[in-house]
Amino acid sequence: MRGILGGTFDPPHIAHLVAAEAAYRQLGLDRVTFLPAGAPWQKSGRRVSAPEHRWAMTRRAVAGVEYFDADDREVRRPGWTYTIDTLEELAERVVLVLGADAARGLPTWHRAEDVLARVEVAVVPRPGVAREEVDAVLGARASWLDVPPLEVSGTRLRSMVAAGRSVRFLVPDPVWRYIDDHGLYREGR
Ligand code: ATP
Ligand code: MG
(Lines give C-alpha, C1' and ligand atoms only; values in the text may rest on other atoms or scores of the structure.)
(Ligands and ions follow the chains in the order given, each with its own letter.)
Protein backbone atom coordinates (compact mmCIF):
# COMPACT_ATOMS: atom_id res chain seq x y z
CA MET A 1 0.00 0.00 0.00
CA ARG A 2 0.97 3.56 -0.53
CA GLY A 3 1.36 6.17 2.21
CA ILE A 4 0.38 9.79 1.64
CA LEU A 5 1.92 12.60 3.65
CA GLY A 6 0.08 15.82 2.93
CA GLY A 7 1.06 19.23 4.18
CA THR A 8 1.92 22.77 3.27
CA PHE A 9 5.63 21.93 3.41
CA ASP A 10 6.54 25.53 4.06
CA PRO A 11 9.26 24.28 4.38
CA PRO A 12 9.55 20.47 4.46
CA HIS A 13 11.68 19.47 7.49
CA ILE A 14 13.12 16.52 9.37
CA ALA A 15 9.92 15.66 11.22
CA HIS A 16 8.19 15.08 7.85
CA LEU A 17 10.96 12.75 6.75
CA VAL A 18 11.06 10.91 10.07
CA ALA A 19 7.27 10.44 9.92
CA ALA A 20 7.41 9.12 6.36
CA GLU A 21 10.29 6.78 7.19
CA ALA A 22 8.41 5.41 10.21
CA ALA A 23 5.29 4.86 8.13
CA TYR A 24 7.26 3.10 5.40
CA ARG A 25 9.06 0.78 7.82
CA GLN A 26 6.44 0.16 10.48
CA LEU A 27 3.53 -0.36 8.11
CA GLY A 28 5.48 -2.14 5.37
CA LEU A 29 4.36 0.34 2.71
CA ASP A 30 5.51 0.24 -0.91
CA ARG A 31 6.27 3.94 -0.91
CA VAL A 32 5.33 7.23 0.68
CA THR A 33 4.15 10.14 -1.44
CA PHE A 34 4.62 13.71 -0.23
CA LEU A 35 1.69 15.79 -1.35
CA PRO A 36 1.97 19.54 -0.95
CA ALA A 37 -1.39 21.32 -0.74
CA GLY A 38 -2.01 24.05 -3.29
CA ALA A 39 -4.26 26.45 -1.41
CA PRO A 40 -4.79 24.90 2.03
CA TRP A 41 -8.16 26.33 3.03
CA GLN A 42 -7.54 25.66 6.71
CA LYS A 43 -4.55 28.01 6.50
CA SER A 44 -6.40 30.79 4.71
CA GLY A 45 -5.65 33.04 7.71
CA ARG A 46 -1.93 33.24 7.08
CA ARG A 47 0.28 33.81 4.09
CA VAL A 48 1.66 30.60 2.66
CA SER A 49 4.70 30.64 0.36
CA ALA A 50 4.00 30.33 -3.35
CA PRO A 51 3.12 26.78 -4.41
CA GLU A 52 6.09 26.80 -6.81
CA HIS A 53 8.52 27.25 -3.92
CA ARG A 54 6.82 24.65 -1.73
CA TRP A 55 6.76 22.18 -4.59
CA ALA A 56 10.43 22.80 -5.41
CA MET A 57 11.40 22.24 -1.78
CA THR A 58 9.26 19.12 -1.46
CA ARG A 59 10.87 17.60 -4.55
CA ARG A 60 14.28 18.34 -3.09
CA ALA A 61 13.30 16.85 0.28
CA VAL A 62 12.41 13.45 -1.19
CA ALA A 63 15.16 13.28 -3.81
CA GLY A 64 17.50 10.38 -3.31
CA VAL A 65 15.16 8.22 -1.23
CA GLU A 66 13.91 5.56 -3.60
CA TYR A 67 10.74 4.80 -1.64
CA PHE A 68 9.70 8.45 -1.29
CA ASP A 69 8.18 10.48 -4.08
CA ALA A 70 6.26 13.72 -4.47
CA ASP A 71 3.00 14.47 -6.26
CA ASP A 72 2.21 17.96 -7.57
CA ARG A 73 -1.49 17.44 -8.39
CA GLU A 74 -2.69 19.64 -5.52
CA VAL A 75 -0.35 22.51 -6.29
CA ARG A 76 -1.54 22.41 -9.91
CA ARG A 77 -5.24 22.25 -9.02
CA PRO A 78 -7.03 25.62 -9.03
CA GLY A 79 -9.08 26.66 -6.02
CA TRP A 80 -8.94 25.44 -2.43
CA THR A 81 -7.28 22.11 -1.85
CA TYR A 82 -9.46 19.34 -0.47
CA THR A 83 -7.93 15.96 0.31
CA ILE A 84 -11.09 14.16 -0.74
CA ASP A 85 -10.63 15.38 -4.34
CA THR A 86 -7.18 13.84 -4.40
CA LEU A 87 -8.34 10.59 -2.85
CA GLU A 88 -11.07 10.28 -5.47
CA GLU A 89 -8.50 10.82 -8.20
CA LEU A 90 -6.08 8.28 -6.76
CA ALA A 91 -8.82 5.67 -6.64
CA GLU A 92 -6.73 3.28 -4.53
CA ARG A 93 -6.79 2.66 -0.81
CA VAL A 94 -3.97 4.59 0.83
CA VAL A 95 -2.56 5.21 4.28
CA LEU A 96 -2.94 8.81 5.32
CA VAL A 97 0.02 9.71 7.50
CA LEU A 98 -0.92 12.54 9.86
CA GLY A 99 0.76 14.37 12.70
CA ALA A 100 -1.36 14.31 15.85
CA ASP A 101 -2.46 17.93 15.34
CA ALA A 102 -3.69 17.17 11.84
CA ALA A 103 -5.36 13.94 13.02
CA ARG A 104 -7.18 15.79 15.78
CA GLY A 105 -8.53 18.21 13.18
CA LEU A 106 -9.60 15.61 10.65
CA PRO A 107 -13.32 15.74 11.56
CA THR A 108 -13.36 19.39 10.43
CA TRP A 109 -12.10 18.52 6.94
CA HIS A 110 -14.31 18.85 3.92
CA ARG A 111 -16.29 15.58 3.59
CA ALA A 112 -14.42 14.03 6.51
CA GLU A 113 -16.51 10.85 6.55
CA ASP A 114 -15.80 10.24 2.88
CA VAL A 115 -12.10 10.73 3.55
CA LEU A 116 -12.19 8.24 6.42
CA ALA A 117 -14.04 5.70 4.31
CA ARG A 118 -11.21 5.68 1.76
CA VAL A 119 -8.09 5.53 3.90
CA GLU A 120 -6.25 3.94 6.75
CA VAL A 121 -4.96 6.55 9.17
CA ALA A 122 -1.49 6.41 10.74
CA VAL A 123 -0.80 9.03 13.37
CA VAL A 124 2.57 10.45 14.35
CA PRO A 125 2.81 11.78 17.92
CA ARG A 126 3.40 15.51 18.08
CA PRO A 127 4.49 17.50 21.12
CA GLY A 128 1.57 19.50 22.48
CA VAL A 129 -1.13 17.09 21.37
CA ALA A 130 -2.26 14.42 23.81
CA ARG A 131 -2.98 10.98 22.45
CA GLU A 132 -6.41 11.06 24.09
CA GLU A 133 -7.37 14.09 22.02
CA VAL A 134 -6.78 12.13 18.84
CA ASP A 135 -8.38 8.97 20.17
CA ALA A 136 -11.44 11.03 21.11
CA VAL A 137 -12.04 11.90 17.46
CA LEU A 138 -10.63 8.89 15.61
CA GLY A 139 -10.76 6.13 18.20
CA ALA A 140 -9.80 2.73 16.89
CA ARG A 141 -9.63 4.05 13.34
CA ALA A 142 -6.12 5.38 13.93
CA SER A 143 -2.96 3.37 14.34
CA TRP A 144 0.04 5.05 15.97
CA LEU A 145 3.55 5.19 14.65
CA ASP A 146 6.46 4.92 17.03
CA VAL A 147 8.45 8.11 16.45
CA PRO A 148 10.42 10.19 18.94
CA PRO A 149 8.69 13.50 19.65
CA LEU A 150 10.26 16.18 17.48
CA GLU A 151 9.55 19.74 18.42
CA VAL A 152 10.11 21.21 14.99
CA SER A 153 7.50 22.92 12.86
CA GLY A 154 7.38 24.99 9.72
CA THR A 155 6.23 27.92 11.83
CA ARG A 156 9.26 27.65 14.07
CA LEU A 157 11.67 27.27 11.16
CA ARG A 158 10.24 30.30 9.36
CA SER A 159 10.69 32.47 12.41
CA MET A 160 14.23 31.17 12.88
CA VAL A 161 15.13 32.21 9.34
CA ALA A 162 13.44 35.58 9.87
CA ALA A 163 15.59 36.05 12.96
CA GLY A 164 18.72 35.31 10.94
CA ARG A 165 19.30 31.89 12.50
CA SER A 166 20.39 28.76 10.68
CA VAL A 167 17.96 25.92 10.02
CA ARG A 168 20.65 23.69 8.56
CA PHE A 169 20.18 20.04 9.63
CA LEU A 170 16.58 20.77 10.62
CA VAL A 171 15.74 20.62 6.91
CA PRO A 172 17.45 18.48 4.24
CA ASP A 173 20.51 20.20 2.83
CA PRO A 174 19.03 20.86 -0.64
CA VAL A 175 16.04 22.53 1.08
CA TRP A 176 18.35 24.62 3.23
CA ARG A 177 20.18 25.79 0.12
CA TYR A 178 16.90 26.53 -1.69
CA ILE A 179 15.65 28.69 1.20
CA ASP A 180 18.90 30.62 1.16
CA ASP A 181 19.14 30.97 -2.64
CA HIS A 182 15.59 32.32 -2.86
CA GLY A 183 15.66 34.42 0.27
CA LEU A 184 12.58 32.68 1.66
CA TYR A 185 11.19 33.58 5.10
CA ARG A 186 13.56 36.48 5.66
CA GLU A 187 10.71 38.94 6.07
CA GLY A 188 9.01 36.83 8.71
CA ARG A 189 5.30 36.09 9.02
P1 ATP B 1 3.28 24.74 10.01
O2 ATP B 1 3.88 25.15 11.32
O3 ATP B 1 3.48 25.71 8.90
O4 ATP B 1 1.86 24.26 10.13
P5 ATP B 1 4.19 21.98 10.06
O6 ATP B 1 5.52 21.72 10.67
O7 ATP B 1 3.00 21.70 10.92
O8 ATP B 1 4.18 23.47 9.53
P9 ATP B 1 2.79 20.90 7.82
O10 ATP B 1 3.18 20.99 6.40
O11 ATP B 1 1.68 21.74 8.33
O12 ATP B 1 4.11 21.18 8.72
O13 ATP B 1 2.51 19.39 8.24
C14 ATP B 1 2.41 18.31 7.35
C15 ATP B 1 2.13 17.05 8.17
O16 ATP B 1 3.27 16.74 8.98
C17 ATP B 1 0.95 17.22 9.16
O18 ATP B 1 0.26 15.98 9.23
C19 ATP B 1 1.65 17.53 10.46
O20 ATP B 1 0.89 17.17 11.58
C21 ATP B 1 2.90 16.66 10.34
N22 ATP B 1 4.01 17.17 11.15
C23 ATP B 1 4.72 18.29 10.93
N24 ATP B 1 5.66 18.47 11.89
C25 ATP B 1 5.53 17.42 12.75
C26 ATP B 1 6.20 17.05 13.97
N27 ATP B 1 7.16 17.79 14.48
N28 ATP B 1 5.80 15.92 14.58
C29 ATP B 1 4.81 15.16 14.05
N30 ATP B 1 4.13 15.46 12.91
C31 ATP B 1 4.48 16.58 12.27
MG1 MG C 1 1.09 22.33 10.42
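Note that the structure is predicted; figures quoted are calculated from it, not measured. All ligand and atom numbering here is 1-based and tracks the order in the structure.
Note that the NE2 atom of H16 and the CG atom of L150 stand 11.0 Å from one another [nearest 0.5 Å]. Taking CD from E74 and CZ from R77, the interatomic distance works out to 5.0 Å, rounded to the nearest 0.5 Å. To the nearest 0.5 Å, atom CZ of residue R60 and atom CH2 of residue W55 are 11.0 Å apart. Expressed to the nearest 0.5 Å, how far CG of L5 lies from CZ of F68 amounts to 8.5 Å. For the atom pair T58 OG1 and D72 CG, the distance stands at 10.0 Å (nearest 0.5 Å). Put simply, CG on D10 and CG on L157 are 10.0 Å apart, with the number rounded to the nearest 0.5 Å.
Those atoms of ligand 1 that come under 4.0 Å of a heavy atom in G6, given as number and element, are 14 (C), 15 (C). Atoms of ligand 1 lying under 4.0 Å from any heavy atom of A15, numbered from 1 in the order shown and given with element: 24 (N), 25 (C), 26 (C), 27 (N). Within ligand 1, the atoms closer than 4.0 Å to a non-hydrogen atom of T155 are 1 (P), 2 (O), 3 (O), numbered from 1 in the order shown. Counting atoms of ligand 1 from 1 in the listed order, those under 4.0 Å from a heavy atom of G7 are 10 (O), 14 (C). Which parts of ligand 1 touch R158 is read off a 4.0 Å heavy-atom cut-off, strictly below it: atoms 3 (O). Atoms of ligand 1 found under 4.0 Å from any heavy atom of H16 (numbered from 1 in listed order, with element): 9 (P), 10 (O), 12 (O), 13 (O), 14 (C), 16 (O), 23 (C).
Residue D10 places no N or O, backbone or side chain, under 3.5 Å from any N or O of ligand 1. Checking only distances, L150 does come within under 3.5 Å of ligand 1, N or O to N or O. Considering backbone and side-chain atoms alike, G154 places an N or O below 3.5 Å from some N or O of ligand 1. In terms of polar-atom proximity, defined here as any N/O pair under 3.5 Å, L98 makes no such contact with ligand 1. Where the criterion is an N or O separation shorter than 3.5 Å, residue side chain and backbone included, G99 meets it with respect to ligand 1.
No hydrogens or angles considered: nothing links the side chains of S143 and E120 as a donor-acceptor pair under 3.5 Å. For the 3.5 Å distance criterion, the side chains of R158 and S49 fail to qualify, holding no donor opposite an acceptor.
Under the 4.0 angstrom criterion for non-hydrogen atoms, E151 is not in contact with ligand 1. Residue contact check for ligand 1: P36 places no non-hydrogen atom closer than 4.0 Å to it. Residue V152 places a heavy atom under 4.0 Å from ligand 1. Taking 4.0 Å as the cut-off, P127 does not count as a neighbour of ligand 1 on heavy-atom distance.
No part of R156 comes within 4.0 Å of ligand 1, judged by heavy-atom distances. Heavy atoms of P125 found under 4.0 angstrom from ligand 1 belong exclusively to the backbone. When non-hydrogen atoms are compared, ligand 1 lies under 4.0 Å from the backbone of S153 as well as from its side chain. Counting heavy atoms under 4.0 Å from ligand 1, residue D101 touches it through the side chain alone.
Partners of A50 according to the side chain to side chain contact (heavy atoms under 4.5 Å, CB included) rule, which considers only residues two or more places apart in sequence or in another chain, are E52, H53.
Taking 4.5 Å as the limit, some side-chain heavy atom of D180 sits within range of a side-chain heavy atom of R186.
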Could you pull out every donor-acceptor pair under 3.5 Å between side chains of residues 25-36 and any protein atom, sequence neighbours left out?
| from | atom 1 | to | atom 2 | distance (Å) |
| --- | --- | --- | --- | --- |
| R25 | NE | E21 | OE2 | 2.7 |
| R25 | NH2 | E21 | OE2 | 3.3 |
| R25 | NH2 | Y67 | OH | 3.0 |
| Q26 | OE1 | D146 | N | 2.8 |
| Q26 | NE2 | D146 | O | 2.9 |
| D30 | OD2 | M1 | N | 2.8 |
| R31 | NH1 | D69 | OD2 | 2.7 |
| T33 | OG1 | R2 | NH1 | 2.9 |
| T33 | OG1 | D69 | OD1 | 2.6 |

